[in-house]
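Below, chains carry the letters A, B, ... as their sequence lines are ordered, and counting in each starts from 1.
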Amino acid sequence: MATFKDFRNNVKPNWCPGCGDFSIQAAIQRAAANCGLTPEELAVISGIGCSGRISGYIHAYGLHGIHGRALPIAQGVKLANRDLTVIASGGDGDGFAIGMGHTIHAIRRNINMTYVVMDNQIYGLTKGQTSPRSAEGFVTKSTPKGSIESTLSPLELALSAGATFVAQSFSSDIKQLTALIEEGIKHEGFSIINVFSPCVTFNKVNTYEWFKENIVNLDTFPEYDPSNRIHAMTKLMETGGLLTGLIYQDKNRRSYENQISGFRETPLAEQDLALSEEQFDQLLAEFK
Amino acid sequence: MINQLSWKIGGQQGEGVESTDRIFSTALNRLGYYLYGYRHFSSRIKGGHTNNKIRISIDPIRSISDDLDILVAFDQESIDLNAHELRPGGVVVADTKFTPTVPEDCDIRLFSVPITAIAEELGTSLMKNMVASGASWALLGLPLDVFNRAVEEEFGRKGPAVVEKNVEAVKRGADYVLELAGGPLDDFKLLPADGKQKLFMIGNDAIGLGAVAAGCRLMSAYPITPASEIMEYLIKQLPKFGGTVVQTEDEIAAVTMAIGSNYAGVRTMTASAGPGLSLMMEGIGLAGMTETPVVIVDTQRGGPSTGLPTKQEQSDINAMIHGTHGEIPKIILAPSSIEECFYDTIEAFNLSEKYQVPVILVTDLQLSLGKQSCEPLDFNRIVIDRGSLVQEAPEREDKALFPRYAFTENGVSPRVLPGQKNGIHHVTGVEHDETGRPSESAENRKKMMDKRLGKLDSLVVRDPILAQALYETPDVLIIGMGSTGGTIDQARELLENDGLTTNHLTIRLLHPFPADEVRPYVEKARHVIVVENNATAQLAGLLKLHVGHAEKISSVLKYDGNPFLPSIIYNECKHICTLSKELV
Ligand SMILES: Cc1ncc(C[n+]2csc(CCOP(=O)(O)OP(=O)(O)O)c2C)c(N)n1
Ligand code: SF4
């Protein structure tokens, strides 16, 4: 059995000391090991940003693509090889600004994979501009007088797009985060896990302390029923989105791959490509 | 007896022009005639004039003709817009209902048939296309039973009663017109064809078929004219082979999803036209940088912006070559016939995996949508070459990464797929070292750039150009690409009648440009004329850049949305040759 150490490599992340992304990386490594995966069975597909570097820091197959496109690439990987465990990951700018179109449609499509968003409410890599996740009034390089756009609530959006697994966590709570990623991997369908990941360099408002004070943790509400979509929506709205834990799960909806007609259990990548002459003749018949 | 003929049907979009054309040409195909179709349509679904033209011949043909023999008109507009194409003695079959008139000064025979009235008598005006096609079929003196079999196939699904009604409509149309004309028209009698049924399809079908044969099992795409038929074909066929088509949210998702699945080992394609191609550019750059194979089809249409979305153009050449930022290796293949659409699609997948580069397969609207007879497609020419895929990677110590980007003699590195044992490596669009890890080292950067770009130094493509070069030193060398080849050849016949000797080159590999292959032909010609459907002479620009001899290169351009006609090319070439004679 592989342990989380098997998912480590010798690359020293170039994240700032104290960046929330370190713990997210550790949680993915632990969750993968807990799920009984070997490094070869995991593909981490990431976007561009400080967060996007994560695929290079995990010993597994990894692809670091272009800004905002981690999800379509990751979906392509999963359709090609359904035996792989596919995790897509990137920042809030990556997933909720430039890549928002893909996020909504990946949710709707419900391919069996896990999306971990490293949400720091700011653009880290480009040195501190506003993000769709920034609070109104938030002062950044690009909003010197404070952001005047409303803050995006990605998980409310996910629920309304038909998400089948919606969770949120905080990078300091590595235990909860690991458990949620594990559940996300095991979930049949698309799981979105938004993780508050403080940017210690550019975000002086949404700090570790700030999150600790403001987060409402569902783990402290044993009576909460994550199968109720209306409750999930209400709870998110009540807490201004600062809710952690498993917020919603639909265990009935089948994943995209399991609904495609003619799609086989054997990964496409392993199937024989050559046509027989008979098959070819059958294809030609239509044009006679 | 004649050996070829042109037939056209015109009406309002949604009026049955398409289905009439389909049945008419299916029946002709059964008789073994060679066919070449042209669809004139607008981007509305209902309403707006539309017409379909079919050229019918006992010999292979690759272009539409200048003139027209028979016009079937559902409305006066169809006559007004198309009568000028009719040759002297040409025929119009039109619906009595709108009291058709033909231009007075022309030698045109008008057969006014109560098309709508007969159809309504039989139950529904929907059948007027059957009455009309029956009438024009009968005038040609072709066997009615063959036509009826095509009708049966079209309507068989709807039950025998519907078939019977439609067959009756055909008969009534035929009877009526034969009575009027006193029998089939003698000067419209086609020589019998060889009776061998040809394949009959559009370029997009041939591309879809080629993709299935090449082992493409996934397609991710976003609908657009004139590319959508490729997607529609694969939606129908891929499930039979375990594959599928994903209609993505946009073309950025389409190309990046295709890159993801190619990375994971499945031959995957996407297809679009200009607007989608523009959106894909960053993704294509990623494929180039990460050496991930991917096949992209660009079915060119009228640009820029939404441009003329249902019209002919060849104006994406520069965008395809230069559209991506930075410098990546890519291959651009331009099939010039329906058969090439099939074989080149297979080649595109092979080249893409062999050289680990994005391959763009480019057509134009006429090649993608014009329905044509196709020579038999050879099963034995289907070869799948997956390049340097490593079956079993050697064991590695201490989590050492697989050198996915190893420097090799020809620049192509061994490739492993995710999931494979001992194959773990990193992939990134950031400059990277041999294991895929990011690297900013200047030395590595230069080596990696040279490696990637150098891969195409050893590129071998089957027939990068096609040369019809009978003459050692012709008066004129005409150069074209895509669907224009057949029309160019017709124009050449006219030029030769005037005593001008001509050679013809078709550029099939747009990038990297096959300069060494093209140069000798250019050097030996007196004039070089590049024929292309765009306003800024993009193909001629490539020629001047890579081959030189700008002083003798002229252009014949057309960018009004319509394909070339032989007469246009002939006249302009003639003009260019005369002008330069005067100068001398
Ligand atoms: C098409 C494109 N536009 C802009 C950029 C520049 N860019 C890189 S990362 C980034 C935003 C980073 O913010 P986020 O996604 O939240 O990630 P973080 O760095 O905060 O982890 C931007 C704008 C780019 N790489 N590509
Ligand atoms: S800038 Fe912010 S997000 Fe980026 S590494 Fe530093 S702390 Fe993390």
Visitor: What part of B/V246 gets within 4.5 angstrom of chain A, counting heavy atoms only: side chain, backbone, both, or neither?
Guide: both

Visitor: With a 4.5 angstrom heavy-atom cut-off, which part of A/F280 approaches chain B: side chain, backbone, both or neither?
Guide: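 A/F280 touches chain B through side-chain heavy atoms alone.
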
Visitor: Are the aromatic ring centres of B/H426 and A/Y61 under 6.0 angstrom apart?
Guide: no

Visitor: With a cut-off of 6.0 Å (strictly less than), are more than 12 heavy atoms of other residues, nucleotides or ligands near CG of B/N380?
Guide: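 Yes, the 6.0 Å shell around CG holds more than 12 heavy atoms from other groups.
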
Visitor: Test your reading of the model: is there a side-chain donor-acceptor pair from A/W15 to the backbone of A/C50, 3.5 Å cut-off?
Guide: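 Here the side-chain-to-backbone pair exists.
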
Visitor: Let me know if B/L377 has heavy atoms under 4.5 Å from chain A in its side chain, its backbone, both or neither.
Guide: both

Visitor: Is it the side chain or the backbone of B/F342 that comes within 4.5 Å of chain A heavy atoms, both, or neither?
Guide: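 Contact with chain A is through the side chain of B/F342 alone.
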
Visitor: Main chain of B/D378, side chain of B/Y343: is a donor-acceptor contact present, judged purely on distance under 3.5 Å?
Guide: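 Looks like yes, one N/O pair under 3.5 Å.
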
Visitor: Sort B/Q247 into side chain, backbone, both or neither according to what part of it lies under 4.5 angstrom from a heavy atom of chain A.
Guide: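 Just the backbone, heavy atoms under 4.5 Å.
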
Visitor: Yes or no on side-chain contact (heavy atoms from CB on, under 4.5 Å) for B/T270 and B/M231, after CA distance, side-chain angles and deciding distance?
Guide: CA-CA 8 Å; B/T270 185; B/M231 183 177 174; over 6 Å; no

Visitor: Check B/K196, B/Q197, B/K198 against B/D194 for a side-chain hydrogen bond (donor to acceptor under 3.5 Å, both in side chains) and give me the one that passes.
Guide: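 Answer to the side-chain hydrogen bond (donor to acceptor under 3.5 Å, both in side chains) test with B/D194 among B/K196, B/Q197, B/K198: B/K198.
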
Visitor: B/K236 versus chain A, heavy atoms under 4.5 Å apart: side chain, backbone, both or neither?
Guide: side chain

Visitor: Please check if the number of heavy atoms outside A/F7 that lie under 6.0 Å from its CZ is greater than 12.
Guide: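 Yes, CZ of A/F7 has more than 12 neighbouring heavy atoms, counting only those of other groups under 6.0 Å.
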
Visitor: For chain A, which residues from residues 280-289 of chain B lie under 4.5 Å away (heavy-atom distances)?
Guide: B/E282, B/G283, B/L286

Visitor: Side chain from CB out, backbone as N, CA, C, O: work out which of these in B/L417 comes under 4.5 Å of a heavy atom of chain A, or both, or neither.
Guide: backbone

Visitor: Heavy atoms only, distances under 4.5 angstrom: which of A/T38, A/D6, A/V86 has the most pairs with chain B? Name it, please.
Guide: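 Of A/T38, A/D6, A/V86, A/D6 has the most heavy-atom pairs under 4.5 Å with chain B.
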
Visitor: In plain terms, say whether A/E182 and A/K186 are close enough for a salt bridge, that is, a side-chain N and a carboxylate O under 4.0 Å apart.
Guide: yes

Visitor: Pick whichever of A/I45, A/I260, A/N81, A/D281 has the most heavy-atom pairs under 4.5 Å with chain B.
Guide: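 That would be A/I260.
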
Visitor: Mind checking what makes salt bridge (charged side-chain N to carboxylate O under 4.0 Å, His left out) contact with B/R386, not counting sequence neighbours?
Guide: B/E353

Visitor: Pairing donors with acceptors under 3.5 angstrom, does anything connect the side chains of B/R415 and B/Q420?
Guide: no

Visitor: Strictly below 4.0 Å, N to O, side chains only: are B/E249 and A/R109 in salt-bridge contact?
Guide: yes

Visitor: At a heavy-atom separation under 4.5 Å, does B/P438 approach chain A through its side chain, its backbone, both, or neither?
Guide: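 The side chain, not the backbone.
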
Visitor: Could you check whether A/R30 makes a cation-pi contact with A/F4, meaning its NZ or CZ is under 6.0 Å from the centre of the six-membered ring and within 45° of the ring axis?
Guide: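 Judged by the rule (NZ or CZ under 6.0 Å from the ring centre, within 45° of its axis), A/R30 counts as positioned above A/F4.
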
Visitor: Okay, side chain of A/T114, backbone of A/S191: is any donor-acceptor separation there less than 3.5 Å?
Guide: no

Visitor: Identify which part of B/I384 has an atom lying under 4.5 Å from any heavy atom of chain A, answering side chain, backbone, both or neither.
Guide: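 Looking at B/I384, just its side chain touches chain A.
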
Visitor: In terms of heavy-atom pairs under 4.5 Å, which option from B/D398, B/V255, B/V430, B/I252 contacts chain A the most?
Guide: B/I252

Visitor: Go through B/T268, B/T292, B/I382 and name the one with the most non-hydrogen pairs under 4.5 angstrom from chain A.
Guide: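 Between B/T268, B/T292, B/I382, the count favours B/I382.
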
Visitor: Heavy-atom pairs under 4.5 Å with chain B: which of A/S55, A/S46, A/A274, A/G68 has the most?
Guide: A/S55

Visitor: Check whether B/D250 gets within reach of chain A through its side chain, its backbone, both or neither, counting any heavy atom under 4.5 Å.
Guide: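 Contact with chain A: side chain only.
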
Visitor: Between B/E153 and B/R30, does any NZ, NE, NH1 or NH2 come within less than 4.0 Å of an OD or OE carboxylate oxygen?
Guide: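 Yes, this pair counts.
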
Visitor: Given a strict heavy-atom distance threshold of 4.5 Å, which part of B/F241 is in contact with chain A: side chain, backbone, both, or neither?
Guide: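 Contact with chain A is through both the backbone and side chain of B/F241.
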
Visitor: Counting only heavy atoms not in A/E278, do more than 12 sit closer than 6.0 Å to its CD atom?
Guide: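 Atom CD in A/E278 is not crowded, with 12 or fewer foreign heavy atoms closer than 6.0 Å.
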
Visitor: Shorter than 4.5 Å, heavy atoms on both sides: which option in B/G243, B/G242, B/P239 has the most such pairs with chain A?
Guide: B/G242

Visitor: Considering only heavy atoms and a distance below 4.5 Å, find which of A/G62, A/A269, A/G65 pairs most often with chain B.
Guide: A/G62

Visitor: Examine whether an atom of B/V212 lies under 4.5 Å from a heavy atom of chain A, and if so say whether it belongs to the side chain, the backbone or both; otherwise answer neither.
Guide: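 For B/V212, the contact with chain A is made by backbone and side chain together.
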
Visitor: Between B/G419, B/S220, B/G215, which has the largest tally of heavy atom pairs under 4.5 Å with chain A?
Guide: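 The residue among B/G419, B/S220, B/G215 with the greatest pair count is B/G419.
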
Visitor: Highest number of heavy-atom pairs under 4.5 Å with chain A: which of B/G429, B/G423, B/A214?
Guide: B/G423

Visitor: Establish, from distance only, whether the side-chain atoms of B/N29 and B/T26 form a donor-acceptor pair under 3.5 Å.
Guide: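 Not at all, the side chains of B/N29 and B/T26 share no donor-acceptor pair under 3.5 Å.
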
Visitor: Let's test your reading of the structure: which of B/A264, B/A258, B/A213, B/C216 forms the most heavy-atom pairs below 4.5 Å with chain A?
Guide: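 Winner by heavy-atom pair count: B/A264.
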
Visitor: Using modelled atom types only, decide if a donor and an acceptor are shared between the side chain of A/N112 and the backbone of A/E188 within a distance under 3.5 Å.
Guide: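 Flag not set: sc A/N112 to bb A/E188 has no pair under 3.5 Å.
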
Visitor: Does any backbone or side-chain atom of A/L84 lie under 4.5 Å from a heavy atom of chain B? Answer side chain, backbone, both or neither.
Guide: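 Contact with chain B involves the side chain of A/L84 alone.
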
Visitor: Side chain, backbone, both or neither: which part of B/Y263 has an atom under 4.5 Å from a heavy atom of chain A?
Guide: side chain

Visitor: Flag the one option from A/E41, A/E270, A/R8 with the top tally of heavy-atom pairs under 4.5 Å to chain B.
Guide: A/R8

Visitor: Is the backbone of B/L234 close enough, under 3.5 Å, to the side chain of B/Q237 for a donor and an acceptor to pair up by distance?
Guide: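 No.
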
Visitor: What residue, out of A/A43, A/S261, A/G262, A/A80, has the most heavy-atom pairs lying under 4.5 Å from chain B?
Guide: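 Heavy-atom pairs under 4.5 Å are most numerous for A/A80.
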
Visitor: Just by distance, do the side chain of A/S197 and the backbone of A/M118 share a donor-acceptor pair under 3.5 Å?
Guide: no

